[in-house]
Structure formats: structure tokens, C-alpha cells
Amino acid sequence: MRVLEAIFLIFINPLFYKITLTAATPLIFASLGGVYSEITGVVNIALEGIMLIGAFTSVVFTWLTGNVWIGVLMAIISGVALAWLHAWGSIKWAGDQVVLGTALILIAQGVTGFLMEPIFGKPGQTDFVGKVEEIKIPGVSEIPFVGKVIGEISPFVYMAFAAVIFSWWLIYKTKLGLRMRSVGENPEAADTLGVNVYGIRYFGVLMSGVWAGLAGAYLSIGEVGHFRELMTGGRGFIALAAMILGKYNPVGAMLASLLFGASSAFANQMQSSSLIHVSATVKPLFDMIPFILTIIVVAGFVGKSRPPKADGIPYEKGA
Amino acid sequence: AIMVTDTGGLGDKSFNDGTWAGIKRAADELGIKAKVIQSYEQADYISNLSKAAEEIQKEPDGGIVYAVGFMMTDALFQVAQQFPDVYFAGIDIAPPTDAVPPNVITFLFKEQESAFLVGYIAAATTRVGKVGFIGGIPIPPVERFRYGFETGVKVYNDLHGTNVTILKGYANSFSDPKKGKDLALAQFAGGVDIIFHASGAVGNGVIEAAKEKMVSLVGSEDLSKILEYAFDKGGFFAMGVDVDQDYMAPGVVLASAMKGVDTASYMGVMWAYNGEWVPGVHVLGLAENGVRISPMKYTKGLVSNRTLAELEYLVTMIKKGTLVIPDTEEALKSFRTPKIEFPF
Amino acid sequence: MYAVEMVNIVKRFPGVLANDHVTLKVKKGEIHAIVGENGAGKSTLMNQLYGLYHPDEGEIFIDGKKVDIKNPRDAIKVGIGMVHQHFMLVDTLTVAENVVLGSEPLKGLNFDLNRARKEVKELSEKYGLIVDVDAKIEDIPVGMQQRVEIIKTLYRGANIIILDEPTAVLTPQEVEELFEIMRKLKDNGKTILFISHKLHEVMEISDRITVMRLGKVTGELETSKTNPKEIARYMVGREVVLRVSKEYHEPKEVVLEIENLVVKDNRGLVAVKDVSFNVRKGEIVGIAGVAGNGQTELVEAITGLRRIESGKIYFDGQDVTGNTPKQLRELGMAHIPEDRFKHGLIKEFEAFYNVILGQHYKSPFANGPFLNHDYIFKYSKEIMEEFDVRPRRIEHLGGNFSGGNQQKLVVGREIRTNPKFLVIAQPTRGLDVGAIEFIHKQILKMREMDVGILLISMELEEIFSLSDRILVMYEGEIMGEVKPDETTVEEVGLMMTGHRLEEARRG
Amino acid sequence: MNKKVLAILVPVISVLIALAISTIVILLIGKSPIEAYSALIRGSFGSKQAIADTVIKTTPLILTGLAVGFGFRAGVFNIGAEGQMVMGALFAATFASNFGSLPPLLAIPFTILIAMVVGAGYAAIAGYLKAKTGAHEVVTTIMLNWIATYFASYMVTGPLAVGSGTPKSPEISDSAQLPVLMKVGAIEMSAGIIIAIIAAIFMYILLNKSVTGYEIKAVGFNPYAAEYGGISVSKNVILAMAISGALAGLAGATELMGVHHRFLGELSGGKGFDGISIALIGQNNPIGIIFAAFLIGALRTGSNEMQFIGVPKHMVMIIQGIVIFLVAADRIVRTIMIRKRVEK
Ligand SMILES: Nc1ncnc2c1ncn2[C@@H]1O[C@H](COP(=O)(O)OP(=O)(O)OP(=O)(O)O)[C@@H](O)[C@H]1O
Ligand SMILES: Nc1ncnc2c1ncn2[C@@H]1O[C@H](COP(=O)(O)OP(=O)(O)OP(=O)(O)O)[C@@H](O)[C@H]1O
Ligand SMILES: [Mg+2]
Ligand SMILES: [Mg+2]
């Protein structure tokens with residue numbers, strides 16, 4: 001009974017919904033990045049690395065210029081730069097996309113770790129360098145309950161949802177989107193119609209750099225205002241899972257990210273509930289909830305998620 | 001002197017950084033070389049310590065090898081046996097057996113003592129009767145911080161007839177600040193107003209969460225405005241760990257439970273070179289200046305003078321040994337607040 | 001004036017001379033057929049015209065003007081459109097989207113789907129190419145997919161349209177429709193290049209014919225002045241029997257008995273409705289029908305690949321309802337599947353692994369848990385020899401054989417299991433006349449050896465020439481049973497469109 | 001140039017290019033590249049100790065490489081070797097601390113068996129879900145990794161925890177420890193490498209000589225054709241995952257029984273993920289995987305020596321990253337080689 005009461009209290013607490021949103025935001029961005037890349041046919045396991053680079057660069061430039069938005073911009077640029085390496089290796093040189101992705105994660109981890117000392121004069125983590133402030137929307141923050149959820153929240157959360165809408169529009173409503181979907185599914189067919197397969201794939205991968213870079217920027221200057229080595233904590237892989245769970249669709253990826261955000265917010269609140277009496281060392285086990293829930297959802301409700309047919313296969317003309 | 005880090009590496013703002021600071025200070029004073037090797041994975045410990053010991057053997061004046069972090073316990077003792085002519089020191093390392101070889105010293109800290117003090121402050125300062133604790137992974141030093149914190153709250157309750165309760169949580173990580181922030185926000189949502197963290201970089205997120213909540217309440221990041229508000233109405237606070245983290249969010253970090261790792265490592269190097277080597281385990285607490293609490297540069301005004309005076313008194317009791325803070329789960333369970341009569 | 005002139009085209013692939021100084025001249029407004037054995041170089045020649053490959057030597061003239069076609073975009077510019085042997089469609093997109101892909105109409109920033117749909121509808125009406133503009137490609141039948149391909153070329157304003165083996169996957173009705181469309185296109189002034197292995201089709205539709213063999217042109221014929229036998233001789237370099245003749249052979253006991261079988265398709269709709277029939281040893285029962293009338297599901301149910309909703313299957317007197325493919329194989333059933341890419345072959349396996357699929361775990365192919373490679377190599381050499389699989393390399397990967405040779409591998413594998421009963425679906429789809437002759441002979445040989453055979457084919461000619469009895473399927477039901485020499489193509493055709501035997505007889 | 005020569009030359013040249021790129025960085029931080037690289041080589045091959053170290057590092061990498069590689073051959077992407085390795089080692093450690101009464105001849109195979117069975121079972125969860133519900137194994141194995149990590153962390157800080165230092169399980173019985181092949185100082189090179197090589201041979205035979213291998217490959221290449229050929233697709237998907245997981249569990253066993261002798265918090269240390277690139281660099285071929293693992297193992301060992309001359313550990317991650325990148329996009333290297341030859 002106590003447990004039910006605890007759960008009930010969690011669900012009626014507006015902060016649960018706010019933490020859900022902020023926990024989901026980096027996943028939404030990163031899984032969108034995955035969607036862009038994979039619907040054009042390039043597997044992108046490097047999201048974790050791109051996020052890390054984005055988190056790092058945004059802190060560096062925020063620190064150098066004092067302007068967080070320059071930090072955000074540079075996160076996007078650096079994300080695109082790393083994504084470009086992925087595109088170059090996997091599109092131009094037809095390399096194995098999974099291996100290239102893991103290589104880029106290593107490179108991102110190495111480069112960010114390595115540059116700490118020369119740039120900040122100390123390794124490991126930086127001091128607080130500044131943060132994108134939460135925005136307060138006057139009307140909204142007065143609404144009961146809702147105001148507590150989104151009345152004062154990071155602009156990145158809004159950006160994430162805007163990005164989903166934008167992406168849905170781009171992918172399903174524009175000529176570019178049509179071409180993206182076609183080169184991921186049947187690049188030969190697209191090629192015979194004069195669609196520039198390589199160009200579109202580059203676009204998809206570079207866009208994944210934009211989104212994953214933003215995901216990284218959110219984690220550092222969007223949330224905590226500093227950089228710590230490996231601070232992405234595996235979210236790139238979770239985003240990958242969210243993308244598959246969301247069936248390679250921006251809206252689906254968003255829903256999967258929200259599911260994940262909600263269950264980790266739930267796990268956090270369960271740990272922090274004064275109604276649940278377990279020994280302190282058992283508490284870390286609550287963190288398993290999101291992962292178990294995801295398995296149940298993917299096995300029980302989602303079933304087959306079919307990747308684009310040409311996903312992961314380098315396109316070579318005339319083969 | 002050569003220091004081998006655990007896989008956390010330099011930049012943890014905790015034992016690796018602290019040890020390195022102390023070694024460098026000693027090396028500068030002595031005019032010797034100091035080096036650091038960072039371990040990539042657990043399997044590196046033995047080979048890195050062995051290599052470091054070989055390096056030291058080449059030095060005409062000898063030297064000392066530092067193993068930093070409880071993860072290196074087994075490796076340190078295995079390697080030290082192989083190099084009896086090289087001095088070894090371990091930070092945060094408890095010997096697996098009672099017999100410590102003559103070439104080894106290890107330092108342990110009574111984290112519980114400094115955590116006791118911040119727990120006491122938290123209990124005295126909370127306006128809602130609820131405080132929080134966030135740990136990284138429940139490893140022994142983290143747990144000792146928790147035991148101390150819980151004891152501090154309990155003693156305050158017992159002495160003042162209050163009923164301050166504690167929410168506890170762990171991040172399962174030492175390096176994910178976002179997780180720390182989410183967990184802290186969850187605890188704030190659960191009704192606490194002060195959170196003590198012992199969670200490495202995760203704590204940066206905890207501090208950020210408190211700051212965000214506080215700034216939102218006050219409507220300004222200005223220190224004097226924050227303090228003014230806090231003095232009148234309370235607010236949201238974090239408490240730091242390992243080093244003085246008060247500066248990370250002035251006015252919001254109420255106090256930090258510090259651990260003098262640098263003092264220990266400085267001492268070790270000095271002993272090795274000055275021939276004052278005292279092998280064995282050195283447990284450093286308040287009495288030995290191994291742990292302490294931050295001077296509360298910004299926030300002293302938020303804690304009542306009476307509380308500060310009580311703290312002074314409790315510190316002397318601990319130093320004298322008349323108040324023993326539990327360092328195990330069992331000791332915590334059976335801890336009963338002794339009779340304490342403040343002389344004022 | 002020629003619409004297309006390809007002069008002295010040479011194209012080499014590693015180790016293969018695919019086109020050896022080929023010259024092809026196509027008049028404006030004619031339907032020009034190109035025929036030749038599998039691997040003769042027809043597709044290669046057309047791919048160069050469409051800019052997918054670049055010729056090593058030779059020149060191309062369009063309407064008398066020399067052109068250099070570097071990629072499909074160049075080809076589209078000079079008015080060439082191509083419908084490939086393997087369709088170039090994006091399965092997950094709709095018909096309209098597929099058609100306009102690469103030259104999409106816009107409305108502001110948005111892709112103008114409505115205009116695309118309207119334009120596709122207009123084209124479809126103008127040429128009688130019936131398509132559902134909003135259906136996804138993966139949901140529509142092959143015939144419609146082909147019409148989409150043709151619309152694609154028209155949408156881009158093609159005047160010269162290449163159709164590479166368009167009829168291989170079509171039902172006779174669909175072929176007729178296609179020919180109607182081709183005539184309409186011709187009337188509209190379009191020039192058509194038409195590749196086919198079916199000589200009667202070539203005779204029916206084309207104006208002139210170019211015959212290829214081993215990368216060279218062996219003949220240029222006026223359709224009105226030639227006949228199938230002559231074409232076949234140019235193609236194969238010898239006399240070919242175009243229609244195998246069979247002797248009477250007394251059928252033995254029943255080997256397969258189907259009772260009231262009901263099977264559902266992938267979408268969960270009933271595809272086989274209450275079907276009953278039997279097959280005896282030593283006889284060939286042919287199932288005729290337009291594709292998509294439940295034949296695929298019927299075959300899959302019989303061979304254990306698909307769940308049965310109700311009804312019974314008896315094999316050799318034994319109830320085998322619900323048995324797995326493995327159990328059925330062990331009882332002596334063999335299966336030459338309709339889709340050799342999907343079911344028949346593992347493209348990544350070498351020929352020697354492909355020929356043991358289904359028997360790989362049995363002695364002498366395996367010794368306990370291990371494969372017996374010595375025997376496997378020997379066995380696969382024998383099969384390749386006996387069934388004339390080219391190239392004769394047992395380590396060649398399944399996917400690297402040409403379609404005809406892949407089919408021979410599958411046929412060889414299944415026949416060599418010495419089955420009691422053989423299910424054969426579309427055995428000669430896409431094969432040249434020589435290969436068809438060979439496979440038909442093999443099927444009749446099995447009949448002589450008292451194997452019961454169930455033959456599913458969309459080629460009425462094939463059904464008529466091989467079967468002892470013909471069952472006609474329509475919408476999952478058997479419309480009637482006839483003997484080939486007691487019926488006519490017209491009667492079967494009527495039954496294929498949903499008339500029961502009695503109605504068809506009445507006329 | 002024939003294919004085999006190229007297959008060896010490409011990684012070698014990739015290493016050279018990666019070194020060339022990092023030379024620039026080393027020069028930029030004011031160190032000598034020659035010194036750095038001779039340290040790298042000395043560190044990985046320069047002494048008995050170095051060689052032993054390299055072998056110790058290579059062993060688990062071979063096994064996780066085989067695990068992932070086997071999965072790829074069977075058409076499943078087992079991104080969960082990490083979790084399977086952890087679970088295998090954790091359960092083996094739990095039981096093997098009580099094997100004191102068993103002779104090594106029983107205790108060793110028994111411990112190995114536990115790790116393999118647990119690894120197999122854990123992976124089979126993902127296999128089962130894929131076969132029965134179509135759940136994508138990349139999603140489920142990523143999730144299972146996290147669950148394993150948290151579970152293991154809980155076990156060594158809670159129920160299994162011993163001592164006051166490291167979160168760790170009790171030491172496994174002596175009889176369950178792998179025999180030491182070579183001992184240099186405190187560094188013990190165990191028979192783990194022999195187990196890894198046997199596993200590679202086993203995988204080679206299984207894939208290339210056995211009926212099971214034939215069926216697993218058939219299902220991986222074309223499940224429709226496999227089913228048509230009488231091969232059960234769901235059985236083989238589960239089996240393939242299980243075998244892959246057993247190999248990952250074996251990696252956990254050799255780390256447990258040959259290196260740490262107890263379960264420690266960071267036992268896997270990302271080796272399951274390393275397995276992905278090792279498998280693919282080795283082209284999913286057992287022999288290739290051995291060489292790829294050796295390449296990465298040697299780079300890692302050598303990197304520690306580089307730290308002595310002041311090149312930070314991150315440099316090696318970058319070098320490794322570049323090597324893996326170039327091996328994946330091997331056409332870059334091939335193109336460079338062809339251009340070079342044309343110039344000549
Ligand atoms: N991509 C390729 N790589 C290597 N060789 C090829 C390739 N494409 C075709 N060939 C070679 O060119 C020859 C001609 O092939 P092509 O596909 O043009 O034959 P075809 O006449 O179209 O046969 P079919 O009637 O079966 O369609 C083949 O025998 C083959 O050896
Ligand atoms: N990637 C490849 N590598 C080597 N040879 C190939 C490759 N692709 C095709 N070939 C060769 O090209 C020839 C023709 O291949 P293709 O797929 O066009 O067969 P086809 O005869 O046209 O098939 P169908 O009978 O279905 O028309 C075959 O002889 C095959 O060996
Ligand atoms: Mg062809
Ligand atoms: Mg062909």
C-alpha cells in the first residue's frame with residue numbers, strides 16, 4: 001500500500017513531469033540525430049561521441065566568450081565536424097559504419113580528455129562556466145500545475161520539441177525528406193532518378209551532428225554549466241535504442257525518449273520517496289527501472305522495428 | 001615520487017587531485033621530481049605500480065610510489081611485496097590483512113567526522129525538517145560520509161527534540177552531473193531543502209540543482225540577495241564534499257565536508273625523504289587534521305551562533321574521543337547519542 | 001532516321017567481355033525486341049544506354065546526334081527512360097512519391113504531394129496505366145509496380161523507353177495489358193526497346209528483333225519475316241525444342257491428399273478457402289491462376305512454411321498437418337520455390353553449401369555434428385555437372401550466378417534428394433529458351449520416375465505442356481479440374497477470372 | 001598484391017598513419033615523438049613484463065571480440081557482451097569462493113562453466129525476445145548491459161561485499177584460479193590466453209566445420225531460405241545469442257580467474273564494447289580477431305609507458321580511435337598505397 005501511495009504521490013507531483021522533460025531532452029535531440037542519419041542509410045553509433053564533443057565545445061566557447069549561445073553554436077559546429085568524419089569514412093570510403101562509429105567515440109573521448117589540460121589548465125572537469133538560463137513564460141507559469149512543469153524550464157526543452165516538429169515536417173513533407181527516405185531504402189532506385197545519393201547521405205549524417213551536438217550542449221551548458229569527462233554517461237546508446245524503439249521516426253523517437261525520461265524520473269523519485277523503506281544500498285537498484293521497462297515495451301508492445309532496407313550498407317555505384 | 005591514479009584519473013576534484021597537489025607541494029619543497037601515471041583500466045594497476053617502482057629503483061635517492069584510491073588495494077600490496085626497497089603509500093586504502101609490510105603506509109580518513117558536522121548544520125538549518133543525502137556509488141568512503149551525516153542529524157534531533165528526517169539516494173555514477181541534478185531535483189520535489197552529496201562530479205549537478213531552485217526563488221544570482229532571502233525564508237541548499245566546494249555556488253553551498261588528502265600525501269613524501277617513515281595504517285580524522293569542514297566563507301551568517309558554538313564543542317569532543325562517530329552500518333544502527341551538556 | 005544508334009559498343013567486366021562490338025539500330029516509333037540467352041549482355045547494353053555503365057568503346061547516337069551519357073540524369077535529358085529487370089522502386093513510398101522522386105513538384109517549401117498525385121493520375125489515364133496513386137509499393141502487386149515504372153519514364157518525358165524483361169513477372173492477363181499499353185505508347189510516337197525470353201511475345205509485339213549471343217549480335221530480323229524456331233537458333237546456336245512432348249505415363253497411388261485446407265495470408269485474410277485435391281505418384285498436377293490468388297499460400301502451407309488454419313494434409317498416407325519443413329523433407333517432399341532469391345538460395349553461401357541446404361545435417365553430408373566437406377565438394381561437382389550449372393565452380397557464391405544458373409542449382413538440389421513428391425513453383429521465370437527446355441525435360445524425367453509433382457505456374461503454356469491434370473485457382477478456391485487435351489486455353493482463362501468449370505463450359 | 005598480404009598490411013599502415021597524426025600532437029605538447037614511440041614499443045614488447053602485460057590485456061579482448069564476431073556471423077548484433085561478461089564473472093565469483101574443497105581439475109572447469117552458462121543465459125534473453133516478439137537485439141542488449149552493471153555494482157557493495165576497502169566480492173578459492181604461466185614481479189600471466197585461443201579455434205570449427213555453424217550462418221544470411229531448408233530460425237537465433245553470450249561470459253571468467261581473482265566493480269571496463277571494433281577489424285574471423293585484439297592490447301599496454309615521458313593517456317585513446325577508423329575505412333589506406341605505387 002505504501003508503495004502505491006508513493007507512486008501516486010509521484011504522479012501528482014508536477015516536478016516529476018518537469019524532470020521527465022529534462023531527462024528526455026538530450027535523448028530526444030540525440031535520437032533525432034540517429035533518425036536523420038539512419039533513414040538515409042548510415043548507421044550512426046557515434047552519437048555518444050558527438051554528444052561528448054558537443055558538451056565539451058560548448059563549455060570551451062562559453063568559457064572563452066562568456067556567451068552561452070556562442071557555446072551552443074560551437075557545439076553544433078563541432079558535432080557536425082565529427083559527424084563529417086563519420087560521413088567521410090562511411091559514404092566516401094564505404095567503411096564499416098559500426099566500426100567507424102566506435103572509433104569516433106574513442107576519438108571524442110580521447111580528444112575531450114586530452115584538451116582539458118591545455119585549455120583549462122586542469123584535467124577531468126571544468127569549473128562552472130555559465131549556463132543557458134531557464135526561461136519563464138509569464139502566462140504559463142501562473143497556470144496551476146502546468147506552470148510548475150513548464151512555467152520555468154530550459155529553452156532546450158522547447159527547442160527539442162520544436163526540433164521534432166521541424167524534423168517531422170522535413171522528413172515527411174518536403175522534397176528533401178522524400179529523397180532522404182528513398183536513399184535509405186533503395187539508393188539504386190534514387191540514383192537512377194538522378195537523386196544525389198551521396199549528397200543526401202552526407203546531409204543526413206551531418207544533421208545528426210547538429211542534433212547530437214545540441215544534445216551534448218544541453219547536458220553541459222544547458223543543465224549543469226560545466227564539463228566533466230565522459231559526462232554523457234551512455235546516453236548516446238540509449239538514444240540509439242530510443243530511435244529503434246521509435247521506429248526510425250522523429251515522433252516515435254520522441255515518444256521513446258519521453259518514456260525513458262519518465263521512467264528515470266520515476267526511478268529518481270522512488271529513490272527519494274520517504275514512504276519506501278529499503279536499506280540505502282538497495283536504492284541504486286531503482287535505476288534499473290527505465291531499462292527493464294524499455295525491454296518490456298519493446299518486447300510486449302512494439303515488436304519488430306524495421307530499419308530502412310539500405311541502412312548500414314555503403315552505396316557503391318554500378319555494383 | 002610517482003603517483004598512480006585509479007581509473008577515475010586526475011581531475012576528480014577528490015582523492016586523485018588532492019593527492020597530486022600534496023605530492024607536488026612536497027616535491028617542490030624537497031626539490032625532487034614528481035610524476036603521475038593514469039590508469040586506463042583495472043588491469044593496469046599492477047603493471048603501472050610495478051613500472052613506477054622500477055623507475056624509483058633507478059633513482060639514487062630512492063623515492064615513494066603512491067597508489068590512489070580504494071580500487072587499488074589489492075594491487076598495492078601485491079606490488080609492494082615485490083619491491084621491499086621502495087616506499088609505497090596508499091590513499092583511501094585499507095590493508096586487506098593486519099600485517100602491513102614495513103615499506104608501506106596507507107592513509108584512511110574519518111569521513112564520518114566531517115560529514116557529522118555538516119549533518120548537524122543541515123539539521124539545524126533546515127526549515128522543513130527534511131534533508132537529503134546523495135551518494136555516487138555506495139562504496140566505503142561514500143558510505144562513511146553517509147554514516148556521519150545521518151549521525152549528525154540524529155544527534156541534533158536528540159539534543160534539540162526535533163524530528164529532521166533524511167531522504168537518501170544514489171546516482172550509480174561518479175561522473176554524470178545531469179543524473180545528479182535530476183536526483184537532487186527529485187529530492188527537492190520530495191520536500192527536502194538541503195542536500196549533502198558525496199558523489200564526485202555527480203555532485204556538480206546536485207549543486208547546480210540547488211542553485212537553480214534558489215535563483216528561481218530569489219530572482220537573482222547576486223550573493224547578497226541570495227543571502228538576504230535565505231536568512232529570511234530559507235531556500236534550497238547543497239552541501240559539498242572532499243574539497244571546499246562552497247565557491248561553486250556562493251550562498252547556495254552551505255558547507256563542505258572536506259577530506260585532507262593533500263595533507264596526507266604531503267606527509268607521506270616528507271616521511272619517505274626525511275627518514276621519519278612510520279609504516280602501517282594512518283587513519284586521519286578531525287584530530288589529525290585529516291578531515292574538517294569548510295570555513296563557510298559565504299554562508300556562516302545563515303547558521304545561528306548557537307549552532308556554531310555547539311559545533312565547536314562537538315569538534316572538541318570528537319577530537320578527545322568522547323564522541324565517536326560510527327563508521328559502519330552496524331555502528332550506525334546501534335549508535336545512541338551520549339549525554340551531551342553544552343557549557344552554555 | 002534512327003532513334004537510337006549504338007555503334008561498336010564494347011564493355012568489359014573483370015574477366016568477362018559482356019558486349020563485344022555490339023551495334024544496335026532502333027527506328028523511331030518502332031517496338032524493337034532484343035533477345036538472347038541469359039548472360040548474353042542485353043541488360044549490360046541497355047544499362048549503358050541509360051548511363052548506369054559507361055561503354056569502354058563505341059559511340060551512341062540519339063536521333064542522329066552523338067551523345068555522351070554519363071549517368072541516368074543525362075539519359076533522362078535526352079529522353080530515355082528505363083524500366084529495369086529488377087524494379088527500381090522504393091517500397092516504403094507511395095506510387096505518386098515514387099513517380100516524382102528526383103523531380104518533385106513544389107508548393108513553397110513543401111513537396112506538393114497533391115500535384116504529384118494529380119499528375120500521376122493524368123498520365124495513368126492518358127495511357128491506360130491503372131495504378132493506385134496512394135498505395136505503398138510494398139502493398140501493390142508486381143503488375144502494378146511495373147506500370148508505376150512505366151509512368152516514371154513518361155513523367156520524365158521519355159521518348160525512348162527501355163523495358164528489360166518486363167513480362168517475366170507478369171500474368172498472361174497482365175502481359176496482354178502491357179502490350180496494350182506498349183501499343184498505345186507506340187501510337188503516341190514513343191520508341192520502345194523490349195527485352196524478353198518469350199519468343200511468342202516477341203513475335204506478337206515487336207517490329208524488329210536484334211538477337212544476341214555471348215556478347216555479340218548474331219542476327220537482326222524483321223518480325224514479320226521470321227519465326228520462333230529461327231530466333232531460337234540464333235540465340236542458342238543450335239536447334240531448340242520449344243515445346244517438350246511427353247509420353248503417357250500411368251499414375252500410381254496417391255502421395256499427397258489435401259482436405260478442406262484453409263490458410264491465411266500475411267495480412268491475416270483468408271487466402272486459401274476450403275481447398276481439396278490430391279496428387280498421385282508419377283503424375284504432374286498443374287495449378288493455373290493469376291498470381292495472388294492463393295497459390296503462394298497454398299504452396300507454403302503444403303511445404304510447412306505457413307500455419308494452417310483448418311483442414312488436413314496427408315502425405316503418403318500419413319497425417320502431416322502442421323509438420324515442419326524439416327519433417328516433411330524427411331518424409332520425402334522437395335520444393336522448388338517461387339522466389340529463388342528469398343527462399344531458394346543463400347546468396348552469401350558458396351554453391352557447395354547451397355546444394356546441401358535441407359540435407360546438410362544428414363549422413364553422408366554430415367558426420368555426427370560435423371560437416372563432411374570431402375563428400376559435399378564431390379556431391380556439388382556432380383550436381384553442377386549433371387545440371388549444367390555455369391560457371392562450373394563449386395566455390396562461386398550463390399548470388400554471383402546468373403538467374404538461370406541459380407535456378408538450375410535449386411532444381412538440381414531438389415531433384416537429387418530423390419523425393420517422392422515435388423512442389424515446383426514458377427520453375428522457368430526469367431529463363432532463356434535453352435534453360436527452359438532443360439528444366440522441362442528434368443521435370444518430365446521425375447514423372448517417369450514416379451515422383452508426384454505439383455506444378456504452379458503463371459505460364460499457361462508451361463502448365464498445358466507439362467501437366468496431366470490442371471486445377472485452376474481463383475481467389476483461394478479451385479474453380480475446376482480439367483485435362484490439358486480436353487480443354488482449351490480460353491476455357492482455363494475463363495476459370496482463371498472466376499468462372500466455375502460448368503459456367504466456363506456453358507460458355 | 002594478394003589479398004592476404006593486404007589484410008595484414010592495412011592495419012599496419014593504419015597504425016603508421018595514426019602515429020603520424022599523433023606525432024603532430026606530441027610535438028605540439030612539446031614532447032619528443034621518437035621518445036614517445038620508443039616508449040610505446042618498449043611498453044608493449046620491450047621486456048618480459050611488457051609482453052606479459054600485453055598478453056594479459058589481449059586475452060579478454062580476444063574473447064569479447066569472438067563473442068561479438070560470432071553474433072555478427074549469425075546475423076545478430078550483440079552489443080551486450082559487456083553485460084554478459086559482467087554477469088558471467090559475477091555469478092562465477094559468487095560460487096567459486098566456496099570451491100576450496102574441490103581440486104583445481106574440477107574447480108576450474110566448473111567456474112568456467114558457470115560463467116559461460118550465465119553469460120549464455122543472459123544473452124539468450126535478448127535472443128528469445130528477438131525470436132519470439134521481434135524485439136531488436138540492439139535495444140534489448142543495451143538495456144541488459146545497464147541492468148547488469150547496476151546489479152553487479154549492487155552485489156559488490158551489498159550482499160557480496162567484503163572488507164572495508166574496495167567494493168569487491170570475496171576472493172575465489174585458490175583451486176578455482178587459473179594456473180600462472182609466467183610471473184614477472186607482481187605480474188602474473190595466467191593460462192587465460194590459452195583458453196582464449198582454444199575458444200578461437202572452437203569458434204572456427206563451429207562456424208566452418210559443424211552442422212550447427214552451417215545452420216547459424218544460414219539463418220544469419222537468409223532466414224527465409226533457412227526456414228525453407230528445414231532450419232528453425234527462432235531456435236538458431238537464440239542459440240547464436242547464447243553462444244555469443246557464453247564467449248562473453250568466458251571473457252569474464254578469464255578476468256576473474258586469471259587476473260583479479262575476485263569480482264570488482266569495474267571488471268568489464270568497456271571490453272564488451274571493445275569487442276565490437278575488434279570483431280569487425282578482425283572481419284569476424286577467429287584468426288583475424290586474435291590479431292586485432294593483440295593490436296589493441298599492445299597499444300594499451302604501451303600507452304602506459306608513454307605516460308612516463310609525459311604523454312597523457314588520452315593520446316592513446318586518440319591513436320586507437322584513428323587506427324580503428326582507418327581499418328574500418330580501409331579503402332583510404334588502400335588508395336594511398338596504390339597512389340604510392342603509381343608514383344614509383
Ligand atoms: N556488375 C557486373 N560485374 C561483373 N560482371 C558482370 C556484371 N554485370 C554483368 N556482368 C557480365 O556481363 C555478362 C552479361 O550480363 P547481362 O546482365 O547483360 O546479361 P543479360 O543478357 O541481361 O542476361 P539475362 O537474359 O539473364 O538478363 C554476364 O555474363 C556477366 O558475366
Ligand atoms: N557482384 C558480382 N560479382 C561477380 N559476378 C557477378 C556479380 N553480379 C553478377 N555477376 C555475374 O553476372 C552475370 C549476370 O548476372 P545477372 O544478375 O544479371 O543474372 P541474369 O542472368 O541477368 O539473371 P536473370 O536470369 O534473372 O535475368 C552472372 O553470370 C553473374 O555471375
Ligand atoms: Mg538481363
Ligand atoms: Mg539478367
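Just so it is clear: chains get the letters A, B, ... in the order the sequence lines come, proteins before strands, and each one is counted from 1.
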**Student:** Sort D/L206 into side chain, backbone, both or neither according to what part of it lies under 4.5 angstrom from a heavy atom of chain C.
**Tutor:** neither
**Student:** Is C/H360 in contact with chain D via its backbone, its side chain, both, or neither, using a 4.5 Å heavy-atom distance?
**Tutor:** both
**Student:** Taking side chain as everything from C-beta outward and backbone as N, CA, C, O, which of these in C/L328 sits under 4.5 Å from a heavy atom of chain D? Side chain, backbone, both or neither.
**Tutor:** neither
**Student:** For D/Q283, does the CD atom have more than 12 heavy-atom neighbours from other residues, nucleotides or ligands under 6.0 Å away?
**Tutor:** no
**Student:** Considering only heavy atoms from C-beta outward, does the side chain of C/L345 approach that of D/N222 to under 4.5 Å?
**Tutor:** no
**Student:** I'd like to know whether OH of D/Y204 has more than 12 heavy-atom contacts from other residues, nucleotides or ligands below 6.0 angstrom.
**Tutor:** no
**Student:** Are D/K209 and C/F370 in a cation-pi contact, defined as NZ or CZ under 6.0 Å from the six-membered ring centre and within 45° of the axis?
**Tutor:** no
**Student:** Could you check which of D/G230, D/G220, D/A225, D/S232 has the highest count of heavy-atom pairs closer than 4.5 Å to chain C?
**Tutor:** D/A225
**Student:** Checking the side chain of D/Y214 only, and the main-chain atoms of C/Y353 only, is there a donor and an acceptor separated by less than 3.5 Å?
**Tutor:** yes
**Student:** Answer yes or no: are there more than 12 heavy-atom neighbours, outside D/Y128 itself, under 6.0 Å from its atom OH?
**Tutor:** no
**Student:** What are the two closest heavy atoms between C/I346 and D/A218, and how far apart are they?
**Tutor:** CD1-CB, 3.6 Å
**Student:** Quick one: closest heavy-atom pair of C/G368 and D/V211, and the distance?
**Tutor:** O-CG2, 4.1 Å
**Student:** When you look at CZ of C/F87, are more than 12 heavy atoms from neighbouring residues, nucleotides or ligands closer to it than 6.0 Å?
**Tutor:** yes
**Student:** Would you call the rings of D/Y228 and C/H343 parallel, tilted or perpendicular if under 30° counts as parallel and over 60° as perpendicular?
**Tutor:** tilted
**Student:** How long is the span from the CD atom in C/E300 to the CD atom in D/E227, to the nearest 0.5 Å?
**Tutor:** 8.5 Å
